[in-house]
Amino acid sequence: MALACGQHDLAPMRILVVGGTGTIGSAVATALEAHDHEVVRVGASTGDMTVDIGDKESILTLYADAGPVDAVVCAAGRAQFGSLEELSDDDFAISLGNKLMGQVNLVRCGLGTVTEGGSFTLTTGDLSQKPGAGTSAVSMAGAAVEAFARGAAIDLDGRYRVNVVSPGWVAETRVKMGLEPEPGIWAEDLAQYYLDLVGGEETGQVVDATEPKR
Ligand SMILES: NC(=O)c1ccc[n+]([C@@H]2O[C@H](COP(=O)([O-])OP(=O)(O)OC[C@H]3O[C@@H](n4cnc5c(N)ncnc54)[C@H](OP(=O)(O)O)[C@@H]3O)[C@@H](O)[C@H]2O)c1
């Protein structure tokens with residue numbers, strides 16, 4: 001029997017976690033498994049399966065090979081940091097092609113493949129709404145993902161749910177960079193936001209995840 005997922009009792013699902021070998025995605029995968037879900041960890045070069053979200057054909061191949069899927073979480077997506085003068089055409093193209101269109105295409109290509117009634121949970125970052133120096137490409141791509149999710153949720157209402165988790169700086173990432181973990185959020189705490197969106201009924205939500213859920 002499935003454990004309660006957030007506030008919800010949920011039948012076990014088969015869930016693709018794209019970026020499931022990374023800092024955030026591996027914590028999300030572990031949390032979903034603890035609630036009896038079957039998780040397929042998808043990485044760029046490691047994991048149960050691989051995909052390049054920057055390549056739509058690769059996403060189509062992933063869905064074709066994955067078999068039945070009830071929900072998709074994406075905790076992957078590259079965007080380039082750098083000052084406006086430093087950012088090249090390629091830097092903008094990577095940010096748009098990977099962080100933005102990679103996640104958009106995970107949703108588009110999943111329609112009709114992911115079980116109807118299922119969900120897509122995407123990832124941006126708090127820089128999307130609170131830019132800082134050197135974040136114009138990162139903030140642009142993240143804000144566009146959030147706008148996409150709100151719009152897609154309207155079109156897909158009743159068929160699929162689309163939501164976004166917007167994490168703050170992750171504590172493990174700060175530690176890897178030689179910083180104090182505070183004020184980061186630990187990936188295990190962040191995973192709760194994904195768990196609740198996968199198990200919930202919300203759609204078109206962009207959830208701020210800078211602090212552990214109370
Ligand atoms: N960490 C933070 O502080 C933080 C804060 C806010 C937002 N975010 C966002 O959250 C997302 C995940 O961050 P993270 O720190 O968990 O990253 P991470 O530890 O670097 O992990 C990245 C994951 O994405 C996979 N991946 C990389 N390129 C890919 C591609 N082209 N197609 C498919 N999968 C790909 C990696 O697979 P391999 O392991 O096989 O390479 C890995 O599973 C990113 O979009 C990041 O911008 C992170």
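Predicted, not measured: the structure shown is a model, and the values here were computed from it. Atoms within each ligand, like the ligands themselves, are counted from 1 in listed order.
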[X] and [Y]: side chain donor to acceptor below 3.5 Å:
{"X": "Asp208", "Y": "Thr210", "result": "yes"}
{"X": "Thr115", "Y": "Asp70", "result": "yes"}
{"X": "Thr23", "Y": "Glu172", "result": "no"}

Minimum-distance protein heavy atom relative to [atom]:
{"atom": "atom 35 (C) of ligand 1", "value": "Ala44 CB, 3.6 Å"}
{"atom": "atom 7 (C) of ligand 1", "value": "Thr124 O, 3.1 Å"}
{"atom": "atom 17 (O) of ligand 1", "value": "Thr23 N, 4.5 Å"}
{"atom": "atom 30 (C) of ligand 1", "value": "Ile53 N, 3.8 Å"}
{"atom": "atom 24 (O) of ligand 1", "value": "Ala76 CB, 3.4 Å"}
{"atom": "atom 3 (O) of ligand 1", "value": "Val170 N, 2.8 Å"}
{"atom": "atom 13 (O) of ligand 1", "value": "Ile24 CD1, 3.8 Å"}
{"atom": "atom 6 (C) of ligand 1", "value": "Pro167 O, 3.5 Å"}

Do ligand 1 and [X] have nitrogen or oxygen atoms that lie under 3.5 Å from each other?
{"X": "Gly19", "value": "yes"}
{"X": "Val18", "value": "no"}
{"X": "Gly22", "value": "yes"}

Considering the heavy atoms of [X], write down every atom of ligand 1 situated less than 4.0 Å from one of them.
{"X": "Trp169", "result": "3 (O)"}
{"X": "Gly168", "result": "5 (C), 6 (C)"}
{"X": "Gly77", "result": "44 (C), 45 (O), 47 (O)"}
{"X": "Asn98", "result": "31 (N)"}

In short, Ala75 meets Thr123 closest at the heavy-atom pair CA-OG1, 3.6 Å

If I compare all heavy atoms of Arg14 with all of Ala66, which pair ends up nearest, and what's the gap?
NH1-O, 2.6 Å

Applying a strict under-4.5 Å side-chain criterion to I, L, V, M, F, W and Y, I'd like to know whether [X] and [Y] cluster together.
{"X": "Val198", "Y": "Val39", "value": "yes"}
{"X": "Ile15", "Y": "Tyr194", "value": "yes"}
{"X": "Val207", "Y": "Val170", "value": "yes"}
{"X": "Val51", "Y": "Phe120", "value": "yes"}

Does at least one non-hydrogen atom of [X] fall below 4.0 angstrom from an atom of ligand 1?
{"X": "Arg78", "answer": "no"}
{"X": "Ser45", "answer": "yes"}
{"X": "Ala187", "answer": "no"}
{"X": "Val138", "answer": "no"}

Answer yes or no: are there more than 12 heavy-atom neighbours, outside [X] itself, under 6.0 Å from its atom [atom1]?
{"X": "Asp65", "atom1": "CG", "result": "yes"}
{"X": "Arg78", "atom1": "CZ", "result": "no"}
{"X": "Lys130", "atom1": "NZ", "result": "no"}
{"X": "Glu33", "atom1": "CD", "result": "yes"}

Which residue from Val17, Ile94, Thr21 reaches closest to atom 38 (P) of ligand 1 through any of its heavy atoms?
Thr21

So which bit of [X] gets within less than 4.0 Å of ligand 1, heavy atoms only: side chain, backbone, both or neither?
{"X": "Thr173", "answer": "side chain"}
{"X": "Thr123", "answer": "side chain"}
{"X": "Lys99", "answer": "side chain"}

Is there a donor-acceptor pair closer than 3.5 Å between any side-chain N or O of Ser83 and the backbone N or O of Glu86?
yes

Heavy-atom protein contact below 4.0 Å for atom 19 (O) of ligand 1:
yes

